[in-house]
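First the proteins, then the strands, lettered A, B, ... as listed; each starts at 1.
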Amino acid sequence: MNLLEIKDLKVRVDGREILKGINLEINTGEAHSIMGPNGSGKSTLAQVLARRETYEVTGGEVLFKGKNLLELKAEDAACEGLFLAFQYPVEIPGISNAYFLRSALNAIRKYRGEDEMDAMDFLPLMREKLKLLDMNETLMNRSVNESFSGGEKKRNEILQMAVLQPKLAILDETDSGLDIDALRVVAQGVNAMRSPDRAILVVTHYQRLLNYIVPDRVHVLVDGRIVRSGGPELALELEEKGYATAETGARSAIPTPA
Amino acid sequence: MATASQTAQNYVEAFGQIVKYGRDREPPWLQTLRQGGFDRFSATGFPTTRDEDWRFTNISAIVQTNFQLNRNGHRLPTKRQVESYRIAGTVCQLTFVDGRFLPQLSSLATLPKGVTVAGLAAQLASDPQQVEPCLGRYLNTQCDPFAALNTAFLEDGGFVHIAKNIVLEEPIHLLFVSTAHETPTMSHPRNLIVVEEGSQATIIEEYVSLGGVPALCNTATELIAGDSAVVSHYMIEREDVETFNVSTLRMEQGRNANIASHSALIGGALVRNNVHPVLAGEGGECLINGLFIGNGSQQLDNYMLVEHAQPHCSSRQFYNGILDGSAHGVFHGRIVVHKDAQKTDAKQINRNLLLSDQAQIDTKPQLEIYADDVKCTHGATIGQIEENPLFYLRSRGIDEAAARRLLLLAFASECLERMKEGPARNHVEMLIHAHLLNLVNSSVGSNRAAHQTEGRRNLEEVG
């Protein structure tokens, strides 16, 4: 079944058109990757899907689980099962990481009509997921992301994903700034979550992460449009030949007016 | 509303009553102290915004109201009403109704030897020698008309005396209740807290109200911490929005004494919170920590005067303000380092969050340094709830109101975490949590209302 269906999505930021008609379908059980150079609109797409209101949608529609995603608030999209691992996770001084995570889980549980979890019930769940991501429990008593290293921040995003168990996880440049060991741990955390009733969308500039999280489909985003789609081999090709070829290839596919 | 001369006459008459009543009952030194306070107040009158120390707060609402002393007609709260204000874990609770100590509504447990807790009036009647050396000796009536007025009308309040080398872990709770009357009433509670050498104590002053009629509570506290004494003082203002509260906390610190003053202002129509420590012995440490949260048309004015009089002392001021609606906050942080106070280390930070376009904050540091080897820093910030953390929380399923509340709580926690863990902090935390929940909920409603009025206004203009 179609978990996510994007039809001709157009988005403007500060009066400039960033997304110029995106079409994409993702089914449950699949992993997709969107690759593209800087400034192609990858992060804009990720943020729009997570329902950041500062972006102006000027056309098209997005269905998530058959519902109009663009009418949902950010919190409702999250409760419906959409998760964005941020490219730049936000520091929130004064709120402990554990409290934040439990509040998020309980908000989602409440939305689904489930009982809230108290601190005692939450602890074993948290510990299990911490272990999966090779994270130190002391990070949970610190303020959210505050003075975390780059790697700790990214792991913290995947930890949240592992606890919140979304239907669709969007990873925005999760590989950036990670050394190879951290990258493996993060990828392992993501792979542990792959399942037939969940889908993953990996947004990345580099092919590196895709060695570990192997996608079913790869899409190339250039200048606000998906110019090519293919299997995992496309990522390797891009790595070799660069985005320019992908773009030229796409352009030449459009018949030039006589 | 009354004219200024009418209200001046009003204070003259009220003072006449007090003097007449005290003539045969009070020791001469007290009568002299009282008269001195009134003379000073008569000479200066109420401050205006032309006075530098009052430039951000217009008190004409206080000046123009004929407040009456309420010396007999107390409508007493019930035991149950008072019970609801009890704080778990305190060693005793003294209840004052419109400034008057009521033993029947208080709970005075057996206190350790060397600890005296009583009503000031009762103490003056039974053992004035313990009061005389300190009362009125520290409060500055020359610079502050409200302190002068308080001295003129002082009759009752809390009296706490801790003898040498006693550690009292549980807090002492002084609860001040304003009650409803037909006409506006005033009270002038006066507290005297003496913690002798090497002792340790925690005092909670809490102001609440049970009425809806304008009242003026003009309170003053003299807190004397002997050498190496450790004292925590909490000022909690949560009266209703008809009440004017002016409070002055004057602290005198001995050698190596360590004082923490914590203020939590969440109630009152117009609140002026004066905190005035004097580090009068070498090696003293002073923490001045405060949180003020205003909405509606509340005015919350914090005036700090930190005096370093001796070398090697450190003071830390941290005040956080959250202002919504058309609330107006003030932080005036004055640090005076006297000539001899070398190696002073004074720091001041005021951080503010404005939650609406109409909310306002005036923040003003004022450093007067007469010594040459000191370290003084100050800083102030004014901001709003940031979009990035808000979106981050919402993207994890936390709804907007809850996310805002969490972020406000995080901001408030900076102050809460400076309080020592224990009953006093638990109490303040509980009040702040509940208050922020209300603030966020009412803010969602009032924003909507604001838009509606705007709509109406536009219609009127068109019509």
Side-chain angles (χ1 to χ4, degrees), chain A residues 46-55 72-97 99-112 114 116 143-146 153 156-157 159-161 163-167 169-170 172, chain B residues 264 289-291 293 318-322 349 351-353 355 379 381 383-419 421 425 428-430 432-433 435-437 439-441 444 447-448:
Chain A
Q47 300 259 332
V48 167
L49 294 178
R51 301 302 304 120
R52 187 159 206 150
E53 284 152 4
T54 44
Y55 295 87
L72 294 182
K73 289 193 258 182
E75 53 267 39
D76 293 337
C79 290
E80 287 288 344
L82 192 139
F83 181 90
L84 170 66
F86 281 53
Q87 180 179 7
Y88 304 110
V90 182
E91 297 188 6
I92 311 181
I95 301 177
S96 91
N97 208 18
Y99 184 78
F100 161 61
L101 190 49
R102 187 160 64 87
S103 300
L105 179 62
N106 280 336
I108 291 172
R109 289 176 70 96
K110 205 171 145 191
Y111 186 91
R112 294 190 195 134
E114 296 168 20
E116 294 191 17
S143 291
V144 178
N145 292 324
E146 197 185 29
K153 281 183 184 171
N156 202 30
E157 294 293 289
L159 174 77
Q160 291 167 24
M161 172 181 160
V163 169
L164 301 179
Q165 297 279 317
K167 282 273 170 207
I170 304 166
D172 188 6
Chain B
N289 176 40
L291 177 63
I293 305 175
F318 301 103
Y319 260 67
N320 279 18
I322 298 173
I349 292 172
R351 308 216 313 133
N352 303 286
L353 278 184
L355 306 184
T381 63
Q384 296 162 324
I385 290 190
E386 284 179 57
E387 215 272 323
N388 270 338
L390 191 62
F391 177 64
Y392 192 62
L393 292 170
R394 292 178 66 192
S395 79
R396 296 302 181 248
I398 298 167
D399 70 56
E400 189 177 348
R404 281 181 183 279
R405 186 172 146 261
L406 264 179
L407 293 172
L408 292 180
L409 206 55
F411 183 73
S413 301
E414 294 177 5
C415 293
L416 298 173
E417 278 163 15
R418 289 188 200 105
M419 301 171 183
E421 282 185 36
R425 171 168 161 179
V428 177
E429 273 180 348
M430 188 198 71
I432 297 297
H433 282 226
H435 192 71
L436 288 178
L437 185 63
L439 188 76
V440 168
N441 290 342
V444 172
N447 279 347
R448 232 175 268 133

Distance-only check: which donor-acceptor pairs under 3.5 Å involve side-chain atoms of residues 74-84 of chain A, not counting sequence neighbours?
{"unit_1": "A:E75", "atom_1": "OE1", "unit_2": "B:R394", "atom_2": "NE", "d": "2.6"}
{"unit_1": "A:E75", "atom_1": "OE1", "unit_2": "B:R394", "atom_2": "NH2", "d": "2.9"}
{"unit_1": "A:E75", "atom_1": "OE2", "unit_2": "B:E400", "atom_2": "N", "d": "3.1"}
{"unit_1": "A:E80", "atom_1": "OE1", "unit_2": "A:K65", "atom_2": "NZ", "d": "3.1"}
{"unit_1": "A:E80", "atom_1": "OE1", "unit_2": "A:K67", "atom_2": "NZ", "d": "3.1"}
{"unit_1": "A:E80", "atom_1": "OE2", "unit_2": "A:K67", "atom_2": "NZ", "d": "2.8"}
{"unit_1": "A:E80", "atom_1": "OE2", "unit_2": "A:Y111", "atom_2": "OH", "d": "2.7"}

Hey, what do you get for OG (B:S395) to CD (A:Q47), rounding to the nearest 0.5 Å? 9.0 Å
Can you tell me if CD on B:Q384 sees more than 12 non-hydrogen neighbours from other groups inside 6.0 Å? no
Identify which part of B:E386 has an atom lying under 4.5 Å from any heavy atom of chain A, answering side chain, backbone, both or neither. neither
Heavy-atom distance under 4.5 Å to chain B: side chain of A:N106, backbone, both or neither? neither
Which residues satisfy the salt bridge (charged side-chain N to carboxylate O under 4.0 Å, His left out) test with A:E116, sequence neighbours excluded? none
Which atom of B:R396 lies closest to which atom of A:A104, heavy atoms considered: O-CB, 3.3 Å
Structural part of A:I92 lying under 4.5 Å from a heavy atom of chain B: side chain
Going by salt bridge (charged side-chain N to carboxylate O under 4.0 Å, His left out), name the residues that satisfy it together with B:R425, two or more places apart in sequence or in a different chain. B:E429
Can you tell me if OH on A:Y99 sees more than 12 non-hydrogen neighbours from other groups inside 6.0 Å? no
Testing the 3.5 Å rule here: is there a donor-acceptor pair between the side chains of B:N388 and A:Y88? no
Where does A:R51 contact chain B at under 4.5 Å (heavy atoms): side chain, backbone, both or neither? backbone
To the nearest 0.5 Å, atom CZ of A:R52 lies from atom OH of B:Y392 at 12.0 Å
How would you list, in number order, the residues of residues 405-413 of chain B that have a heavy atom less than 4.5 Å from chain A? B:L406, B:L407, B:A410, B:S413
Taking C-beta and beyond as the side chain, do B:F391 and A:V90 meet within less than 4.5 Å on heavy atoms? no
What pair of heavy atoms forms the shortest contact from B:G397 to A:I108, and how long is it? CA-CG1, 4.4 Å
